[in-house]
Amino acid sequence: MLNPQRSFVRPLLAWHEANGRHQLPWRDPDRSAFEILVAEILLQRTTAASVAGAYLPVIARYPSPEAVVAAHPEAIERRIAPLGLAKRAEFICRSAERLLARHSGDVPHRYEDLLGLHGVGAYTARSVLIHAFDEDIAAVDTNVRRLISRFFDVPPDSRALARLADALAPSQRGSEFQHAMLDFAADVCTASTPKCETCRLMEHCQSSGHAD
DNA sequence: AACCCGGGGAA
DNA sequence: TTCCCAGGGTT
């Protein structure tokens with residue numbers, strides 16, 4: 001097969017530049033690491049469109065671990081109630097407490113430290129490293145899993161898929177690449193009835209019937 | 001490894 | 001009504 005940078009990464013980034021969801025509030029480059037962490041927790045199993053409606057009021061009220069700890073947990077739960085999975089309010093509270101107790105109130109840069117936060121698993125930890133700390137790695141969620149599994153014809157749950165995703169992340173553009181995969185999978189390479197007819201990656205997609 | 005959480009939008 | 005969503009915790 002052709003060089004994945006040429007057949008996959010570059011076309012994907014080009015698509016994203018024109019069609020990406022650049023206006024999503026947690027993608028604002030001025031967001032703090034804590035604000036990004038909160039966004040990633042709220043985005044777990046929850047559509048971006050849904051989170052977009054609740055995010056700004058939440059971080060306006062709770063922009064820091066100090067603000068979260070000072071708040072009533074029920075108040076946070078009320079604000080995120082429309083998103084479902086209400087336990088995430090408690091996750092945010094416990095994570096804020098741990099940031100203050102063990103990390104001077106800062107979001108840690110170490111993967112293992114991030115995993116120590118309640119409600120933060122492999123995906124969320126990687127997302128924080130990518131979007132807050134500019135690491136050129138990938139975070140495999142349901143979208144990325146589906147996209148890479150289809151394009152490269154690799155088993156969805158394989159360990160190889162995660163390593164392949166990391167290897168694809170372009171230097172200095174990890175965050176942009178991650179967003180590109182998420183947006184493309186949400187808009188074109190969808191779970192049901194993907195838009196293969198107009199897909200800009202079709203030429204080399206291993207599931208398209210057009211691939212080499 | 002299986003199971004649970006959950007509201008909301010789209011098909 | 002069913003399917004799906006920037007997963008993770010618990011058992």
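So that the names make sense, note that chain A is the first sequence line, chain B the second, and so on, each numbered from 1.
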Measure [atom1]/[X] against [atom2]/[N] and give the value in whole Å, please.
{"X": "L85(A)", "N": "dG9(C)", "atom1": "CG", "atom2": "P", "answer": "13 Å"}
{"X": "E90(A)", "N": "dC5(B)", "atom1": "CD", "atom2": "C1'", "answer": "13 Å"}
{"X": "F184(A)", "N": "dC5(C)", "atom1": "CZ", "atom2": "P", "answer": "15 Å"}
{"X": "R45(A)", "N": "dC5(C)", "atom1": "CZ", "atom2": "P", "answer": "7 Å"}
{"X": "L42(A)", "N": "dG8(B)", "atom1": "CG", "atom2": "P", "answer": "15 Å"}
{"X": "R21(A)", "N": "dA6(C)", "atom1": "CZ", "atom2": "P", "answer": "6 Å"}
{"X": "L43(A)", "N": "dC5(B)", "atom1": "CG", "atom2": "C1'", "answer": "17 Å"}
{"X": "R145(A)", "N": "dC5(C)", "atom1": "CZ", "atom2": "P", "answer": "11 Å"}

Using a cut-off of 4.0 Å on non-hydrogen atoms, how would the nucleic acid contact of [X] be classed: base, sugar-phosphate, or nothing?
{"X": "R126(A)", "value": "nothing"}
{"X": "G84(A)", "value": "base"}
{"X": "A39(A)", "value": "nothing"}
{"X": "A49(A)", "value": "nothing"}
{"X": "T124(A)", "value": "sugar-phosphate"}
{"X": "V144(A)", "value": "nothing"}
{"X": "A139(A)", "value": "nothing"}

inquiry  = Tell me whether E74(A) is salt-bridged to R78(A), with the criterion being a basic N under 4.0 Å from an acidic carboxylate O.
reply    = no
P atoms of dC3(B) and dA6(C), separation to the nearest Å = 25 Å
Proximal nucleotide (of [options]) relative to the [X] side chain:
{"X": "A191(A)", "options": "dG6(B), dC4(C), dA6(C)", "result": "dC4(C)"}
{"X": "T142(A)", "options": "dG7(C), dT10(C), dA6(C)", "result": "dG7(C)"}
{"X": "R146(A)", "options": "dG9(C), dC5(C), dA6(C)", "result": "dC5(C)"}
{"X": "Q44(A)", "options": "dG7(C), dC5(C), dG6(B)", "result": "dG7(C)"}
{"X": "L182(A)", "options": "dG6(B), dC4(C), dA6(C)", "result": "dA6(C)"}
{"X": "P82(A)", "options": "dG9(C), dG8(B), dG6(B)", "result": "dG8(B)"}
{"X": "T46(A)", "options": "dC4(C), dA6(C), dG6(B)", "result": "dG6(B)"}

Cluster link I137(A) to L147(A), ILVMFWY, side chain under 4.5 Å = no
remark   = Walking DNA chain C from its 5' end, the first of R27(A) and V120(A) to be reached, judged by nearest nucleotide, is R27(A)
request  = Assess the side chains of E203(A) and S7(A): does a donor N or O sit below 3.5 Å from an acceptor N or O?
outcome  = no
task = For the residue pair S95(A) and H118(A), confirm or rule out a side-chain donor-acceptor distance under 3.5 Å.
result = no
task = Examine F8(A) together with F152(A) and report whether their ring centres are nearer than 6.0 Å.
result =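 Centroid distance F8(A)-F152(A): below 6.0 Å, so yes.
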message = Can you confirm if the aromatic rings of H16(A) and H22(A) lie within a centre distance of less than 6.0 Å?
response =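 For H22(A) and H16(A), the ring centres are under 6.0 Å apart.
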